Peer 1: 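Dropping the structure in here first, questions after.
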Amino acid sequence: MLDRNRILKDPEAAARAFRARHAEIDLEGLLDLDGRWFEANREWERLRERRNALSAEIGKKKRAGEPTEELYAEVLRINAAIEASDTLRRELDRQREERWLLLPNIPDASVPVGQDETENVEIRRVGDPPSFSFTPRPHWEVGAGLGILDFDRAARMSGARFSILLGAGARLERALISFMLDCHTGPREGEPAYRELSVPYMVLPESLLATGQLPKFREELFHMPADDLFLIPTAEVPVTNYYRGEILDEADLPVKFAAYTACFRREAGAAGKDTRGLIRQHQFDKVELVWLSSPESSMENLERLTRDATTILERLGLPYRVISLCTGDLGFSSAKTYDVEVWLPSQGRYREISSCSNFMDFQARRAQIRYRRTGDRKVQLVHTLNGSALAVGRTLAAILENCQTEDGSVLIPEALHPYMGGLTRISPEMVSPHP
RNA sequence: GGAGAGAUGGCCGAGUGGUCGAAGGCGCCCGCCUGCUAAGCGGGUGUAGGAUCAAAAGUCCUACCCAGGGUUCAAAUCCCUGUCUCUCCGCCA
């Protein structure tokens, strides 16, 4: 949610920001509604003030043994006015709140202005795409050839966009999760390591409201109506909500969390996209990094966070690039986002494997996560950041594709050897006897 | 799932329907004192919104004692519902 005072002070700047995002926002209508709410609220407060004063008076008179009849009559009149005023106030507040919650974040000044994903700006490119003496196969063919990936049986038990990993494939997935978590939680020089969190996969609607998935993106979420719980679309939700409603100490910042979770997305708007392979699944694994930062350092922390994500790719030897999303492609809650894209040989292009964002105080305001400054003891909203490091399924796909050999084997990146029980390659002859 | 107990400020904990944003203690902040530390002494110390003000400070108003309803001129306090926590029983990975 945006800072009301900031918008009131300069509505034109906000309107410009929404235009840059191509978000259709009736800001004038909202501000009009907000103004009416504000007045209704003041009126209600004035009535309460009067009522409270009279009630106190009654108390005094009763103790003094004086008559109170006239006061009673007046209070009853005021109470009727309060009730009417309260009804109006609450209705306006409900409408106003609803619309404030649908305002997207304002892009940071450093975000490139652009229409859509074609105008995202490449920041850097690391590693060279491998050259093959043969036509590289897509990862689902590599996986099928090795007998470590099964989409057909997954579809039979769960429908489209699910997958099953077998044998060395399942092991590889587990290895990636452990490797990523170990990288982030291991000791590092100069800055604190990430603290690992293991969190619920089902959350209450208010948690999704806090991080911005609700109310706008309800159709993207799996919902269990019997209990009004939602499956998390990303670990960002439970992890960011860890400190919801709390006031931290400045000395506690930055808070750095790393969490592995499964993630669940309906992919409602993605019909026909990436229908084959591991790229777009209803359920996928991800290791997520979350920062709670002071406002002053959140932008440099976004750089750190992004570097922590790309370090994984470098240690796996996977070529990637980092792009800065332009205003037209920025996510709803984000003020600035770097996407990390990994090279997929079969597609001949880079595909998103991580998205690292600075939400500034947008989520913190919804979640009411604040901190007390050391100097003046003032309470202030934190800045929240998060990024995948990395999406496990896409990393696995990238390994199958980038590390494939002509005979259908896959060479396991060296960094993963300790996690694979010494296995250095997955070969067709290792295929299990099960058909 | 059944029975019972509870939910108050950063923490512990008191609270008779009115003078309670809430005693007391701890912690924290400022100052004093002792060569340092501890102890001691004095003062301060919730959040949000609003009014006043050029601004700040200050002062004042409104709301918040788990949440939502209700009773009442008046609710932290009484009633109802829900949520969560704890104890016991049952079931269970």
Side-chain angles (χ1 to χ4, degrees), chain A residues 1-10 30-31 33-97 99-101 198-210 214 224-230 238 241-253 255 262 292 361-382:
Chain A
M1 198 153 55
L2 294 168
D3 180 359
R4 180 171 177 272
N5 288 328
R6 180 178 166 194
I7 305 300
L8 292 183
K9 201 178 288 175
D10 192 357
L30 189 160
L31 292 181
L33 179 63
D34 191 86
R36 282 190 288 138
W37 161 80
F38 187 80
E39 275 318 309
N41 199 50
R42 283 192 57 186
E43 174 63 16
W44 177 82
E45 283 190 4
R46 273 194 291 267
L47 290 167
R48 293 278 300 190
E49 179 177 0
R50 180 83 186 117
R51 202 278 313 270
N52 289 347
L54 288 172
S55 285
E57 187 97 355
I58 290 174
K60 258 183 224 147
K61 291 209 163 180
K62 278 208 153 180
R63 243 168 296 130
E66 295 171 33
T68 54
E69 283 73 26
E70 333 81 79
L71 291 177
Y72 269 66
E74 193 178 351
V75 169
L76 285 174
R77 250 194 9 257
I78 292 176
N79 273 349
I82 288 178
E83 198 177 333
S85 171
D86 194 38
T87 305
L88 175 66
R89 176 186 82 116
R90 288 165 89 130
E91 175 57 21
L92 289 173
D93 192 29
R94 193 188 58 74
Q95 293 177 16
R96 167 194 95 97
E97 182 81 357
R99 294 176 66 165
W100 275 106
L101 287 170
S198 176
V199 293
Y201 289 6
M202 293 185 251
V203 294
L204 296 165
E206 44 266 46
S207 299
L208 290 149
L209 195 81
L214 286 179
M224 286 155 291
D227 302 282
D228 200 17
L229 285 169
F230 292 83
N241 271 275
Y242 182 78
Y243 282 123
R244 190 173 83 219
E246 297 192 38
I247 299 176
L248 309 175
D249 222 71
E250 183 168 6
D252 300 331
L253 301 180
V255 171
L292 305 185
D361 62 14
F362 187 85
Q363 293 181 326
R365 185 171 293 105
R366 289 168 167 245
Q368 283 299 299
I369 305 171
R370 294 170 290 175
Y371 75 102
R372 194 178 298 280
R373 288 197 300 222
T374 310
D376 54 14
R377 311 297 295 163
K378 280 252 166 60
V379 173
Q380 203 174 0
L381 293 166
V382 302

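Please read all numbers here as calculations on a predicted model, not as lab measurements. Throughout, a chain's letter reflects where its sequence line sits, starting with A, and its residues are numbered from 1.
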Peer 1: What closest approach, in Å, do A:Arg96 and A:Asp93 show between heavy atoms, and which atom pair accounts for it?
Peer 2: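 Residues A:Arg96 and A:Asp93, closest heavy atoms: NE-OD1, 3.1 Å.
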Peer 1: Is there a Watson-Crick or G-U wobble partner for B:rC33 with both distances under 3.5 Å, and which nucleotide is it?
Peer 2: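 B:rC33 is paired with nothing.
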Peer 1: Mark yes or no for whether A:Arg366, through its side chain, and A:Leu209, through its backbone, hold a donor-acceptor pair below 3.5 Å.
Peer 2: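 Side chain of A:Arg366 to backbone of A:Leu209, a donor-acceptor pair under 3.5 Å: yes, one is there.
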Peer 1: Check whether A:Arg365 reaches the backbone of A:Met1 with its side chain - one donor and one acceptor, N or O, closer than 3.5 Å.
Peer 2: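 Judged by distance alone, yes, a pair lies under 3.5 Å.
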Peer 1: Considering Watson-Crick and G-U wobble pairs with both distances under 3.5 Å, what does B:rU19 pair with?
Peer 2: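 Because no pair has both required distances under 3.5 Å, B:rU19 counts as unpaired.
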Peer 1: Taking the P atom in each of B:rG15 and B:rG24, what is the distance between them to the nearest angstrom?
Peer 2: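 Roughly 15 Å separates the two P atoms.
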Peer 1: Between B:rA74 and B:rG6, how far apart are the two C1' atoms, rounded to whole Å?
Peer 2: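 Taking atom C1' in both B:rA74 and B:rG6, they lie 27 Å apart.
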Peer 1: Please give me every residue in residues 245-253 of chain A whose heavy atoms get under 4.0 Å of an atom in RNA chain B, ordered by residue number.
Peer 2: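 Contacts with RNA chain B under 4.0 Å: none.
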Peer 1: P atom, B:rG1 versus B:rG82: distance in rounded Å?
Peer 2: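 About 12 Å, rounded to a whole number of Å.
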Peer 1: Run the salt-bridge test on A:Asp10 and A:Arg6 with the 4.0 Å N-O cut-off and return the result as yes or no.
Peer 2: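 Not counted as a salt bridge, because no side-chain N and carboxylate O are separated by less than 4.0 Å.
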Peer 1: Would you say A:Asn241's side chain and A:Ser207's backbone share a donor-acceptor pair under 3.5 angstrom?
Peer 2: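 A pair under 3.5 Å: yes.
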Peer 1: On a heavy-atom basis, which atom in A:Ala40 and which in A:Leu88 lie closest, and how many Å separate them?
Peer 2: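 Shortest heavy-atom contact: CB-CD2, 4.1 Å.
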Peer 1: Work out how far the C1' atom of B:rG25 is from that of B:rC86, and round it to whole angstrom.
Peer 2: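 Those two atoms are separated by 25 Å.
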Peer 1: What contact category does A:Arg370 fall into here, base, sugar-phosphate, or nothing, at under 4.0 angstrom with non-hydrogen atoms?
Peer 2: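 Sugar-phosphate contact only.
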Peer 1: Under 4.0 Å, counting only non-hydrogen atoms across every strand here, what does A:Arg90 touch: a base, just sugar-phosphate, or nothing?
Peer 2: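 Counting heavy atoms under 4.0 Å across all strands, the contact made by A:Arg90 is with sugar-phosphate only.
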Peer 1: Please compare A:Lys378 and A:Arg50 by the position of their nearest nucleotide in RNA chain B and report the one closer to 5'.
Peer 2: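 Here A:Lys378 is the residue nearer the 5' end.
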Peer 1: Closest heavy-atom contact between A:Ile78 and A:Arg51?
Peer 2: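 Heavy atoms only, the tightest pair is CG2-CB, 4.0 Å.
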Peer 1: Has A:Arg372 got a side-chain atom pairing as donor or acceptor with A:Asp249's backbone, closer than 3.5 angstrom?
Peer 2: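 No.
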Peer 1: Which atom pair, heavy atoms only, marks the closest approach of A:Pro67 to A:Lys61?
Peer 2: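 That closest heavy-atom pairing would be O-CD, 3.6 Å.
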Peer 1: Expressed in whole Å, how much space separates the P atoms belonging to B:rC36 and B:rA22?
Peer 2: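 So the two P atoms sit 38 Å from each other.
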Peer 1: Grab the two heavy atoms, one from A:Leu33 and one from A:Gln95, that are nearest each other, plus how far apart they are.
Peer 2: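 The pair with the smallest heavy-atom distance is CD1-OE1, 3.4 Å.
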Peer 1: My understanding is that a pair needs two contacts under 3.5 Å, Watson-Crick or G-U wobble. By that rule, which nucleotide pairs with B:rA93?
Peer 2: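 Matched B:rA93 with nothing under the 3.5 Å cut-off.
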Peer 1: Using atom P of each nucleotide, how far apart are B:rA7 and B:rC66 to the nearest Å?
Peer 2: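 These two P atoms come out 8 Å apart once rounded.
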Peer 1: Using purine N1 to pyrimidine N3 plus N6-O4 or O6-N4 for Watson-Crick, or N1-O2 and O6-N3 for G-U wobble, each under 3.5 Å, what pairs with B:rG68?
Peer 2: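 Paired with B:rC80.
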Peer 1: Of the residues in residues 73-83 of chain A, which ones touch RNA chain B at a heavy-atom distance under 4.0 Å?
Peer 2: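 Going residue by residue through residues 73-83 of chain A, the ones with a heavy atom under 4.0 Å of RNA chain B turn out to be A:Val75, A:Leu76, A:Asn79.
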Peer 1: Give none if B:rC88 has no partner; otherwise give the nucleotide forming a Watson-Crick or G-U wobble pair with it, both distances under 3.5 Å.
Peer 2: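 Matched B:rC88 with B:rG2 under the 3.5 Å cut-off.
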Peer 1: Assign each of A:Arg48 and A:Ala56 to its nearest nucleotide of RNA chain B by heavy atoms, then name whichever residue's nucleotide is nearer the 5' end.
Peer 2: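 Whichever sits nearer the 5' end wins; that is A:Ala56.
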Peer 1: Within the 4.0 Å heavy-atom criterion, would you say A:Arg372 contacts the bases, only the backbone, or no part of the nucleic acid?
Peer 2: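 Sugar-phosphate only.
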Peer 1: Closest approach of A:Leu71 and A:Leu54, non-hydrogen atoms and distance?
Peer 2: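 So the two residues come closest at CD2-CD2, 3.7 Å.
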Peer 1: Roughly how many Å apart are B:rU47 and B:rG43, using the C1' atom of each and rounding to a whole number?
Peer 2: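 About 23 Å, rounded to a whole number of Å.
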Peer 1: Going 5' to 3' along RNA chain B, which nucleotides are the first and last within contact of chain A (any atom under 4.0 Å from a heavy atom)?
Peer 2: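 Nucleotide range with atoms under 4.0 Å of chain A: B:rG18 to B:rA74.
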Peer 1: Could you please name the partner base of B:rU47, counting Watson-Crick and G-U wobble pairs only when both distances are under 3.5 Å?
Peer 2: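 In the structure as shown, B:rU47 has B:rA63 as its Watson-Crick or wobble partner.
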Peer 1: Just checking A:Lys62: base, sugar-phosphate only, or nothing, at a heavy-atom cut-off of under 4.0 Å?
Peer 2: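 The residue A:Lys62 makes base contact.
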Peer 1: Does any nucleotide pair with B:rG58 by Watson-Crick or G-U wobble geometry, both distances under 3.5 Å, and what is it?
Peer 2: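 Result: B:rU52.
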Peer 1: Are a donor atom and an acceptor atom from the side chains of A:Glu43 and A:Ser85 found within less than 3.5 Å of each other?
Peer 2: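 No, no side-chain donor-acceptor contact under 3.5 Å.
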Peer 1: Write down the distance separating the C1' atoms in B:rA51 and B:rU34, rounded off to the nearest Å.
Peer 2: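 After rounding to an integer number of Å, I get 48 Å for this pair.
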Peer 1: Just to be sure I understand the rule, does A:Leu71 reach a base, reach only the sugar-phosphate, or reach nothing, if contact means heavy atoms closer than 4.0 Å?
Peer 2: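 Touches nothing.
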Peer 1: Would A:Arg36 and A:Glu39 pass as an ion pair if we require N to O under 4.0 Å?
Peer 2: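 Salt bridge absent between A:Arg36 and A:Glu39.
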